[in-house]
**Student:** 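Could you have a look at this structure, given as structure tokens, before my questions?
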Amino acid sequence: MTATTASTASAPPPAGAAPASQPASAPRPEPGALHGPVLQWFHEHARDLPWRRPEAGPWGVMVSEFMLQQTPVSRVLPVYTQWLKRWPRPADLAAEAPGEAVRAWGRLGYPRRALRLHAAATAIKERHNGDVPKRHAQLLALPGIGEYTAAAVASFAYGQRHAVLDTNVRRVYARLVGGTEFPPGATTAVERRVARELLPDEDAEAARWGAATMELGALVCTARKPDCGSCPVAALCAWRLAGHPAHAGPPRRTQSYAGTDRQVRGRLLAVLRDADGPVPQQRLDAVWHEPVQRARALDSLVSDGLVEPLADGLYRLPQT
DNA sequence: TAATCGTGGTC
DNA sequence: TGACCAAGATT
């Protein structure tokens, strides 16, 4: 509520300029002191994203959550729009071959998500009368839905009270409450407890809180260049109060890509996506020079159900 | 638990 | 320029 855009908030120092160490126990902000400023900030700065509009419905929310798993909003937007136009209900997607989902997925990456979304739509049609289920446990039982996505759909689509703990929220809490720049590699029990404790009591407000903290992490409390001057809770932030200490502990491992099986898989699948029908092995062989790795990548795609082998050395996207 | 799974933008 | 990062799930 109060405008906390204090000009005293300074940009974090470059990594390496570690300040003096401080006691590990900075006073934890009271939940009530955080809710107002963050929710007000969200009210003023939330992006107008299609899956946040009422007309998106639970299916729209669910599709967006699948696509946004590890993929930036800017790249999801056009695919999301086409997807919902083509398959406005789960049953519409379930009625098509899984390969069509893989094709429409385009270059969003991690194409197994497309397969799982198709499988989830099929399960929704068969087990839930074609409606995206409301209960967290039912959502969690669907293919491709884990702890985060189940909470996100239950919260954003149905207004329920669930702790939504994605990479944005984890980073916000690590800084705001934990006083450290980044959260641990894997989600911990302590993080879940903090998330539960900070969750507002009322359903609707809790749902807005989840979206607001995610948005804060996406727009202000970013990984590379946090804009503390624009943060509604900078005055309460343990990390800022400690002088923006640099990341301690082991370096976060970065994933390689060039030369890996993933790159080969990506190239193979791109050929099949862009082809109308079955493709001869020869065309797949052209995407990678090394035959052993090439064969391994193709085998793994078949094993994943992303590619269907036919007779005579032909391959295609899965029809069944 | 840690490794695996795509792709493209940013600094 | 290449390392880092992006609304995770699965095994």
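All values reported here derive from a predicted model rather than from experimental measurement. Chain letters run A, B, ... following the sequence lines, proteins first and then strands; every chain starts at 1.
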**Student:** With a 3.5 Å cut-off and no angle check, do the side chains of A:N129 and A:D131 form a donor-acceptor pair?
**Tutor:** no
**Student:** What is the distance, to the nearest angstrom, from the CD atom on A:E65 to the C1' atom on C:dA9?
**Tutor:** 13 Å
**Student:** Testing the 3.5 Å rule here: is there a donor-acceptor pair between the side chains of A:E65 and A:Y148?
**Tutor:** yes
**Student:** Would the distance check show the side chain of A:W59 and the main-chain N or O of A:A121 forming a donor-acceptor pair, the cut-off being under 3.5 Å?
**Tutor:** no
**Student:** Starting from C1' on C:dC5, measure out to CG on A:L68 and report it in whole angstrom.
**Tutor:** 15 Å
**Student:** In whole Å, what is the span from the CZ atom of A:R252 to the C1' atom of C:dA6?
**Tutor:** 12 Å
**Student:** Any residue in residues 137-170 of chain A with a heavy atom nearer than 4.0 angstrom to DNA chain C? Just list them by number, or reply none.
**Tutor:** A:P143, A:G144, A:I145, A:G146, A:E147, A:Y148, A:T149, A:D166, A:T167, A:N168
**Student:** Any side chain to side chain donor-acceptor pair (under 3.5 Å) involving residues 196-216 of chain A? Give me the pairs, sequence neighbours left out, ordered by first then second residue.
**Tutor:** A:R28-A:E197, A:R47-A:E215, A:R52-A:E215, A:Y173-A:W209, A:R193-A:E197
**Student:** Are side-chain N/O atoms of A:Y158 and A:R135 paired as donor and acceptor at under 3.5 Å?
**Tutor:** no
**Student:** What heavy-atom pair brings A:R175 and A:C237 nearest, and what distance separates the two atoms?
**Tutor:** O-SG, 3.7 Å
**Student:** Determine, using the 4.5 Å side-chain heavy-atom cutoff (strictly less than), whether A:V164 and A:V177 are members of one ILVMFWY cluster.
**Tutor:** yes
**Student:** Under 4.0 Å, heavy atom to any atom of DNA chain C: which of residues 71-94 of chain A qualify?
**Tutor:** A:P72
**Student:** Does A:Q69 put a side-chain nitrogen or oxygen below 4.0 Å from OP1 or OP2 of C:dA7?
**Tutor:** no
**Student:** May I have the distance from A:Y257 (atom OH) to C:dA6 (atom P), rounded to whole angstrom?
**Tutor:** 19 Å
**Student:** B:dG9 C1' sits how many Å from A:Q70 CD, rounded?
**Tutor:** 15 Å
**Student:** Say we look at B:dG6 and C:dT11: how far apart would their P atoms be, to the nearest angstrom?
**Tutor:** 14 Å
**Student:** What pair of heavy atoms forms the shortest contact from A:L139 to A:P133, and how long is it?
**Tutor:** CD2-O, 3.4 Å
**Student:** Heavy atom of residues 278-307 of chain A under 4.0 Å from DNA chain C: which residues?
**Tutor:** none
**Student:** When the distance from NZ of A:K225 to P of B:dC11 is rounded to whole Å, what number comes out?
**Tutor:** 8 Å
**Student:** Looking at DNA chain C, which of residues 106-128 of chain A put a heavy atom within less than 4.0 Å of it?
**Tutor:** A:R116
**Student:** By ring pair (Phe, Tyr, Trp, His ring centres under 6.0 Å), which residues pair with A:Y80, not counting sequence neighbours?
**Tutor:** A:W51
**Student:** With rounding to whole Å, what would you report as the distance between B:dC11 and C:dA7 at their C1' atoms?
**Tutor:** 23 Å
**Student:** Could you state the atom-to-atom distance from CD of A:Q255 to P of B:dG8 in whole Å?
**Tutor:** 14 Å
**Student:** Can you see whether A:R262 engages A:Q255 through a side-chain donor-acceptor pair at a distance of less than 3.5 angstrom?
**Tutor:** yes
**Student:** Regarding A:F66, tell me which of base, sugar-phosphate or nothing describes its non-hydrogen contacts under 4.0 Å with the strands shown.
**Tutor:** nothing
**Student:** Please report, rounded to the nearest Å, how far the P atom of B:dG6 is from the CE atom of A:M67.
**Tutor:** 16 Å
**Student:** Mapping A:A186 and A:G266 to their closest nucleotides on DNA chain B, which lands nearer the 5' end?
**Tutor:** A:A186
**Student:** Going through the checks in order, is the side chain to side chain contact (heavy atoms under 4.5 Å, CB included) test met by A:W105 and A:L269?
**Tutor:** CA-CA 11 Å; A:W105 196 256; A:L269 206 55; over 6 Å; no
**Student:** Applying salt bridge (Lys or Arg N to Asp or Glu O under 4.0 Å) to A:D285 and A:R294, what does each step give before you reach the verdict?
**Tutor:** CA-CA 7 Å; A:D285 289 346; A:R294 197 175 61 217; 3.2 Å; yes
**Student:** Looking only at heavy atoms, what is the nearest atom pair of A:A207 and A:F156, with distance?
**Tutor:** O-CE2, 3.8 Å
**Student:** Give a yes or no on this: more than 12 heavy atoms of other residues, nucleotides or ligands lie within 6.0 Å of atom CD of A:E30.
**Tutor:** no
**Student:** Does A:W105 reach a base, just sugar-phosphate, or nothing at all? Heavy atoms under 4.0 Å.
**Tutor:** nothing
